[in-house]
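The basis for the numbers below is simple: all heavy atoms, side chains too, and nothing from hydrogens, waters or symmetry mates. As the structure is a prediction and not an experimental result, all values here were calculated from the model.
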Amino acid sequence: ASTPRWSRRRRHDIGPGMTDRLPRFLGPAAATLFTAGWTIGSAVFRVPSEIAHATGSAGGSMALWVLGGVVALCGAFSYSELSVRLPRAGSEYAYGMAAYGPFVGFLIAWATLLTGPASVAAVARAFADYASVLMPMDESARRLTAAAAIAGLAGVAILSSRAGTRAVCVPRSRPWRRARARHRRVA
């Protein structure tokens, strides 16, 4: 039986000694934290009051949040299935190109190029707004704080992908592993 066209791995000529695959070093915990943060973003801190006001009841607000969680879970399952079937670098670009061809892949890449930085800026702005509660600052200082947060995290990510992931996925202490190790020593 032949494999479907969309699942065949296409080798891309990207240069001598180069590959179209990225190194894989994220464990399940780091990948889960990264994906949850990417999905939730800063909206979870800003939107609940607006949703509660629009629905008019706590039950309606809760139902909308559960529905949004189910939709996000379906998206996560879809991405995990795609990443297993097409294990190559590029995410949406690779999936769109394999399924619909190079033109759609190109459009997806451009959409990501435009929307990605906007979402990063929105999260950095939310960070600066919440930081201004702890340390009062004017509008220009908030903008500078947001820019400094982006520049700092980008600098760490440029130095090392692993260090960038560790900087974004803050809970690195792994208390559950320490507790498990203590339990093994006692038993």
Side-chain angles (χ1 to χ4, degrees), residues 14-15 18 20-55 58 61-62 64-69 71-73 75-76 78-80 83 88-96 105-178:
I14 57 175
M18 297 178 76
D20 62 346
R21 299 189 80 154
L22 292 174
R24 297 181 181 173
F25 59 85
L26 287 180
T32 302
L33 288 171
F34 180 79
T35 306
W38 179 64
T39 303
I40 295 169
S42 62
V44 72
F45 301 113
R46 295 184 171 253
V47 177
S49 62
E50 295 174 18
I51 290 178
H53 180 67
T55 58
S61 177
M62 212 47 178
L64 284 177
W65 279 103
V66 169
L67 178 66
V71 169
L73 185 63
S78 298
Y79 266 97
S80 65
S83 67
R88 66 178 95 141
S91 187
E92 293 101 345
Y93 166 74
Y95 307 148
F106 171 79
L107 292 177
I108 290 171
W110 268 101
T112 303
L113 182 68
L114 297 174
T115 60
S119 65
V120 169
V123 172
R125 177 56 194 230
F127 167 75
D129 288 344
Y130 285 113
S132 71
V133 172
L134 298 174
M135 187 173 52
M137 55 182 99
D138 62 349
E139 182 62 27
S140 63
R142 287 182 188 186
R143 290 180 183 179
L144 188 62
T145 301
I150 292 171
L153 289 174
V156 171
I158 287 169
L159 292 174
S160 163
S161 295
R162 189 180 305 263
T165 303
R166 286 184 180 147
V168 174
C169 300
V170 174
R172 296 295 299 169
S173 64
R174 300 181 184 173
W176 61 90
R177 287 192 180 177
R178 278 195 246 135

List the atom of [X], the atom of [Y], and the distance in Å for their closest heavy-atom pair.
{"X": "A128", "Y": "A146", "result": "CB-N, 3.9 Å"}
{"X": "Y93", "Y": "G105", "result": "CD1-O, 3.1 Å"}
{"X": "S132", "Y": "M137", "result": "CB-CG, 3.6 Å"}
{"X": "I51", "Y": "S61", "result": "CG2-OG, 3.7 Å"}

To the closest 0.5 Å, what do you measure between [atom1] ([X]) and [atom2] ([Y])?
{"X": "R125", "Y": "T145", "atom1": "CZ", "atom2": "OG1", "value": "9.5 Å"}
{"X": "T112", "Y": "W110", "atom1": "OG1", "atom2": "CH2", "value": "11.5 Å"}
{"X": "S119", "Y": "L114", "atom1": "OG", "atom2": "CG", "value": "11.5 Å"}

Practice task
Under the salt bridge (Lys or Arg N to Asp or Glu O under 4.0 Å) rule, what do D138 and R142 come out as? Steps first, then yes or no, please.
Solution key: CA-CA 6 Å; D138 62 349; R142 287 182 188 186; over 6 Å; no
